[in-house]
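Worksheet for the structure shown next.
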Amino acid sequence: MSVLTTNSRILCREFQRRDQNSANACCSVPVFSSGYSNGLGRDCRKREGHVWRRSLKAEAFWISRPTSVEMEPITGPDHLDGILRHAQELSQPILIDWMASWCRKCIYLKPKLEKLAAEYSGKMNFYCVDVNSVPQALVKRGNISKMPTIQIWKDGEMVEEVIGGHKAWMVIDEVKEMIQKYV
């Protein structure tokens with residue numbers, strides 16, 4: 001977000017009012033202040049020739065917002081049951097990424113899904129299952145045949161899935177569409 005202002009303190013207070021929960025509310029918004037300057041940081045309202053010289057100064061502040069959220073690993077069928085019960089109590093859908101640690105596409109997709117998790121934080125929880133490190137009963141319960149498989153579960157049941165054997169950007173677009181249906 002870019003804002004043109006002559007006083008960055010006013011802008012900083014405005015962003016603190018908007019974002020009361022953030023401890024670093026004014027630490028990441030680019031602020032552009034306009035003023036007369038000689039290029040050395042000093043105020044210069046002299047005429048240079050017949051033209052007033054006006055410059056634009058830029059200061060950067062970064063609002064601390066997570067860009068990605070690490071997906072919680074599911075370790076077994078009992079753990080999945082607890083997660084599904086909790087999600088049902090909150091009446092929220094959950095996303096489960098069924099992956100394998102040796103799968104290149106799974107490894108490539110995981111950070112992209114973690115960025116999506118940051119976008120939908122509070123609306124939906126994201127989990128991952130490494131099919132090689134959990135009991136096969138859990139893998140059978142998810143009805144997994146290929147990796148990566150991204151599923152949405154709602155009310156204790158799997159409602160929709162994307163099997164990610166194609167290009168990552170297409171998978172992410174399909175996952176976004178799938179999420180929009182249930183959030």
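Only heavy atoms go into these numbers, but all of them, side chains included; no hydrogens, no water, no symmetry mates.
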Compare all side-chain heavy atoms of [X] with those of [Y] and state whether any distance is below 4.5 angstrom.
X	Y	answer
V162	T149	no
R141	L80	yes
L84	I94	yes
M124	I152	yes
K176	L116	yes
M99	D130	yes
L109	V171	yes

Could you walk me through whether E174 and E161 pass the side-chain contact (heavy atoms from CB on, under 4.5 Å) check?
-> CA-CA 9 Å; E174 290 176 18; E161 72 181 351; over 6 Å; no

Should we say atom CD of E70 is surrounded by more than 12 heavy atoms from elsewhere, each under 6.0 Å from it?
->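 No.
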
Return yes when atom NE2 of H166 has more than 12 non-hydrogen atoms of other residues, nucleotides or ligands closer than 6.0 Å, and no otherwise.
->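 More than 12 heavy atoms, drawn from other residues, nucleotides or ligands, come within 6.0 Å of this atom.
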
Please report the C-alpha distance between L95 and Y127 in whole Å, then the side-chain angles of each, then the deciding distance to 0.1 Å, and finally whether the side-chain contact (heavy atoms from CB on, under 4.5 Å) criterion is met.
-> CA-CA 6 Å; L95 183 136; Y127 300 92; over 6 Å; no

Any idea which heavy atoms bring [X] and [Y] closest together, and the distance?
X	Y	value
P148	K105	CD-CB, 4.2 Å
T75	V134	O-CG1, 3.7 Å
G76	P135	CA-CD, 4.3 Å
D97	M71	OD2-CE, 3.7 Å
Q151	G142	NE2-O, 2.9 Å
P93	K123	CD-O, 4.1 Å

Check the pair F126, V69 against side-chain contact (heavy atoms from CB on, under 4.5 Å), reporting the backbone distance first and the verdict last.
-> CA-CA 9 Å; F126 285 62; V69 174; over 6 Å; no

About how many Å separate NZ of K146 and SG of C103, when rounded to the nearest 0.5 Å?
->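 So the gap between those two atoms works out to 12.0 Å.
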
Spacing of K154 atom NZ and S91 atom OG [to the nearest 0.5 Å] =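 Reported value, rounded in 0.5 Å steps: 7.0 Å.
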
Quick check: is [Y] connected to [X] through a chain of hydrophobic side chains (ILVMFWY, heavy atoms under 4.5 Å apart)?
X	Y	value
I83	I144	yes
V129	W102	yes
V159	V183	yes
M178	M170	no

Polar contact flag, side-chain donor to acceptor under 3.5 angstrom, Q92-Y120 =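 Per modelled atom types, Q92 and Y120 side chains form no pair under 3.5 Å.
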
Is the cationic atom of K110 (NZ for Lys, CZ for Arg) positioned less than 6.0 Å from the six-membered ring centroid of Y108 and within 45 degrees of its normal?
->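 Checked: cation-pi criterion not met.
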
Of M158, Q88, E160, which is the lone residue that meets side chain to side chain contact (heavy atoms under 4.5 Å, CB included) with W153?
->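 Checked M158, Q88, E160 against W153; only one passes side chain to side chain contact (heavy atoms under 4.5 Å, CB included): M158.
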
Among N143, L138, I163, I74, find the one that has a side chain to side chain contact (heavy atoms under 4.5 Å, CB included) with W98.
->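 Answer to the side chain to side chain contact (heavy atoms under 4.5 Å, CB included) test with W98 among N143, L138, I163, I74: L138.
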
